S.K.: 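Sharing a structure, written as structure tokens. Questions coming.
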Amino acid sequence: MIDDAEEIVLLKEEIKRLRKTLRELTPPIKTLLRRRGFKVYKMEPEDDLLIPEARFIDDYYRLLHKYSFRLFLRDVIKHQEGFTLRDVTRYSTAEVTEDYIGFLLDYGLIEKIDDKYHLIKRPIKSFGPTLEWFMAETLKREFEIDTIWGVRFKRPVVGGDYDLISKVNGSILYMEIKSSPPKQIYDNEITAFFDRITDLRPEIAIFFMDTELRMKDKIVPMFEDELKRRSKSSILIIFGQTEGIEIERIEKELFQIKGRIFIINAKDSIINNIEKVLSYYFKGYGRVNN
């Protein structure tokens, strides 16, 4: 007989095997997209990507799960031409920040010249591409979901980048990823998110903000305003109705619209929050069958 711990290990291995089989039996992401009239023009740009060489990737990925480290990287990029410990010690203690600087030195991402540190690869325009890469890695590593990021299509209707697109059991997941705090998010960004949903028609759409601040104060009301503006529009017809679409709280700072569109942040754990969204979707809570 096997004990409970061994049984759990065996079950996890079986789940991995079944997921691999399912991935092989369903078409790749690009094929699913082409069936919807979307041909990938560009994806996963490296110009503004701040990641180390392959031998450090696993450690770097684990560090990126720390909210304080992601905030630290934003400050490093902001002061990439030259910074001191004091310049990047806003969100952690000096001791923790010194450790973070040491990691970047070890990874070969920064160097020290005279009394200041500098990014070796520069200019880096923003933390956005690195955050998109990290979120894609999270879906791949933690959920074994095939994912591409920084996707651009040649589409005359809706332009811009799709930050992240995944294949989930033969369905499409689209995620918009924001590295800015709520105060720097504007109406046109919510409008663009809904425009892309209307065009692509993903089974799951997630608006993710890399913040631990409340979503109810500004972001959720902006979504409510956008839904009102779109009453009787195509985005509501997707749900099988033309009015009365409401935003409901799943828990804490996780919100959903008819079990298809989700608004989440990084509070507590990115991995746990994504897991809750996927669980909510697959259990069919609030979803209208079309």
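Please read these numbers as outputs of a predicted model, since none were measured by experiment. Residues: numbered from 1 along the sequence shown.
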S.K.: Taking M175 as the starting point, is it possible to reach I204 by hopping between hydrophobic residues whose side chains are less than 4.5 Å apart?
M.R.: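 They do share one cluster, since a chain of ILVMFWY contacts under 4.5 Å joins I204 to M175.
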S.K.: With rounding to the nearest 0.5 angstrom, report the CD1 to CZ distance, I250 to F262.
M.R.: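 Reported to 0.5 Å precision, the distance equals 5.5 Å.
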S.K.: Looking at L49 and P129, what are the two nearest heavy atoms and their distance?
M.R.: CD1-O, 3.6 Å
S.K.: As an exercise, state the distance from NZ of K167 to CD1 of I172, rounded to the nearest 0.5 Å.
M.R.: 10.5 Å
S.K.: Test of understanding: clusters of I, L, V, M, F, W, Y form through side-chain heavy atoms closer than 4.5 Å, transitively. Do I177 and I271 belong to the same one?
M.R.: yes
S.K.: Counting neighbours of NZ on K42 that are heavy atoms of other residues, nucleotides or ligands and sit closer than 6.0 Å, is the number greater than 12?
M.R.: no
S.K.: Carefully, step by step, assess I247 and I261 under the rule side-chain contact (heavy atoms from CB on, under 4.5 Å).
M.R.: CA-CA 9 Å; I247 300 172; I261 298 175; over 6 Å; no
S.K.: Is it true that the NZ or CZ of K267 lies under 6.0 Å from the centre of F208's six-membered ring and within 45 degrees of the ring axis?
M.R.: no
S.K.: Could you go through the side-chain contact (heavy atoms from CB on, under 4.5 Å) check for L109 and K121 one step at a time?
M.R.: CA-CA 7 Å; L109 293 176; K121 176 186 175 181; over 6 Å; no
S.K.: What distance separates T198 OG1 from F193 CZ, expressed to the nearest 0.5 Å?
M.R.: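 The CZ atom of F193 is 10.0 Å from OG1 of T198, to the nearest 0.5 Å.
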S.K.: Could you walk me through whether F223 and F255 pass the ring pair (Phe, Tyr, Trp, His ring centres under 6.0 Å) test, one step at a time?
M.R.: CA-CA 11 Å; F223 269 78; F255 299 84; 9.5 Å; no
S.K.: Going hydrophobic residue to hydrophobic residue with side-chain gaps under 4.5 angstrom, can you get from I110 over to L71?
M.R.: no
S.K.: Check the pair D59, R62 against salt bridge (charged side-chain N to carboxylate O under 4.0 Å, His left out), reporting the backbone distance first and the verdict last.
M.R.: CA-CA 5 Å; D59 288 341; R62 284 190 288 269; 2.3 Å; yes
S.K.: Of all the heavy-atom pairs spanning N272 and S269, show the shortest one and how long it is.
M.R.: N-OG, 3.1 Å
S.K.: Answer yes if the side chains of E212 and Y67 hold a donor-acceptor pair under 3.5 Å, and no otherwise.
M.R.: no
S.K.: Should L63 and Y107 count as side-chain neighbours, where that means a heavy-atom distance under 4.5 Å?
M.R.: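 Answer yes - side chains close enough.
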S.K.: Indicate the atoms forming the closest heavy-atom contact of D210 with R74, along with that distance.
M.R.: OD2-NH2, 2.6 Å
S.K.: So how far is it from I264 CD1 to I219 CD1, rounded to the nearest 0.5 Å?
M.R.: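 The CD1 atom of I264 sits 13.0 Å away from the CD1 atom of I219.
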S.K.: Hey, mind stepping through D146 and K30 against salt bridge (charged side-chain N to carboxylate O under 4.0 Å, His left out) and telling me if it holds?
M.R.: CA-CA 11 Å; D146 292 337; K30 289 183 179 180; over 6 Å; no
S.K.: Does NZ or CZ of R70 fall inside the cone over F127's six-membered ring, less than 6.0 Å from its centre and within 45° of the axis?
M.R.: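 No, a cation-pi geometry is absent between R70 and F127.
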S.K.: When rounded to the nearest 0.5 angstrom, what distance separates CG in L131 from CG in L73?
M.R.: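 Rounded to the nearest 0.5 Å, the CG-CG separation comes to 10.5 Å.
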S.K.: Between Y60 and L50, is a side-chain contact (heavy atoms from CB on, under 4.5 Å) present by the stated rule, with each step listed?
M.R.: CA-CA 10 Å; Y60 189 66; L50 184 61; 4.1 Å; yes
S.K.: Between F134 and I57, is there a shared hydrophobic cluster once you connect ILVMFWY residues whose side-chain heavy atoms come closer than 4.5 Å?
M.R.: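 Yes, F134 and I57 fall within the same hydrophobic cluster.
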S.K.: Can I get a per-line list of side-chain donor-acceptor pairs under 3.5 Å for residues 98-105, giving both atom names and the distance, sequence neighbours left out?
M.R.:
residue: Y100; atom: OH; partner: S68; partner atom: OG; Å: 2.7

S.K.: Please walk me through it: do F143 and V168 pass side-chain contact (heavy atoms from CB on, under 4.5 Å)?
M.R.: CA-CA 10 Å; F143 302 97; V168 184; over 6 Å; no
S.K.: Salt bridge (charged side-chain N to carboxylate O under 4.0 Å, His left out) between E203 and R36: does it pass, once the steps are laid out?
M.R.: CA-CA 12 Å; E203 281 73 19; R36 301 183 187 213; 2.9 Å; yes
S.K.: Please say whether more than 12 non-hydrogen atoms of neighbouring residues, nucleotides or ligands are located less than 6.0 Å from NZ in K125.
M.R.: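 It does not: K125 NZ has 12 such atoms or fewer within range.
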S.K.: So, for N273 and N265, which heavy atoms are closest and what is the spacing to 0.1 Å?
M.R.: ND2-O, 2.8 Å
S.K.: Does T84 form a side-chain hydrogen bond (donor to acceptor under 3.5 Å, both in side chains) with D87? I'd like the steps, not just the answer.
M.R.: CA-CA 5 Å; T84 64; D87 293 326; 3.2 Å; yes
S.K.: Answer yes or no for R141 and Y61: cation-pi contact, defined as NZ/CZ to six-membered ring centre under 6.0 Å and angle to ring axis within 45°.
M.R.: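 Because its charged atom sits under 6.0 Å from the ring centre and within 45° of the axis, R141 does stack over Y61.
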S.K.: Please check if atom CD in Q184 has more than 12 non-hydrogen atoms from other residues, nucleotides or ligands closer than 6.0 Å.
M.R.: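 Check passes, neighbour count above 12.
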S.K.: Do P27 and R35 have side chains that get closer than 4.5 Å, going by heavy atoms?
M.R.: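 In contact.
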S.K.: Can you confirm whether L254 sits close enough to E251 that some side-chain heavy atom of one is under 4.5 Å from a side-chain heavy atom of the other?
M.R.: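 Of all side-chain heavy-atom pairs linking E251 with L254, at least one is under 4.5 Å.
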S.K.: Count I, L, V, M, F, W, Y as connected when their side-chain heavy atoms are under 4.5 Å apart, and connections chain through other members. Are M215 and L213 then in the same cluster?
M.R.: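 Each belongs to a different hydrophobic cluster.
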S.K.: Do you know the tightest heavy-atom contact between Y281 and G259?
M.R.: CD1-O, 3.3 Å
S.K.: Step by step, work out the salt bridge (charged side-chain N to carboxylate O under 4.0 Å, His left out) result for D268 and K276.
M.R.: CA-CA 12 Å; D268 296 333; K276 288 171 184 174; 5.7 Å; no
S.K.: How close do S166 and L139 get, counting heavy atoms only, and between which atoms?
M.R.: OG-CD1, 3.4 Å
S.K.: Determine whether H65 and T138 make a side-chain contact, defined as any pair of heavy atoms from C-beta on separated by less than 4.5 Å.
M.R.: yes
S.K.: Quick one: CZ on F72 to OG1 on T97, what's the gap to the nearest 0.5 Å?
M.R.: 6.5 Å
S.K.: Any non-hydrogen side-chain atom of Y162 less than 4.5 Å from a side-chain atom of L33?
M.R.: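 Y162 vs L33: side chains apart.
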S.K.: Taking atom types as modelled and ignoring hydrogens, do the side chains of N188 and T191 form a donor-acceptor contact shorter than 3.5 angstrom?
M.R.: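 Result is no, nothing qualifies.
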S.K.: Of R229, R230, R201, which is the lone residue that meets salt bridge (Lys or Arg N to Asp or Glu O under 4.0 Å) with D195?
M.R.: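 The residue from R229, R230, R201 that satisfies salt bridge (Lys or Arg N to Asp or Glu O under 4.0 Å) with D195 turns out to be R230.
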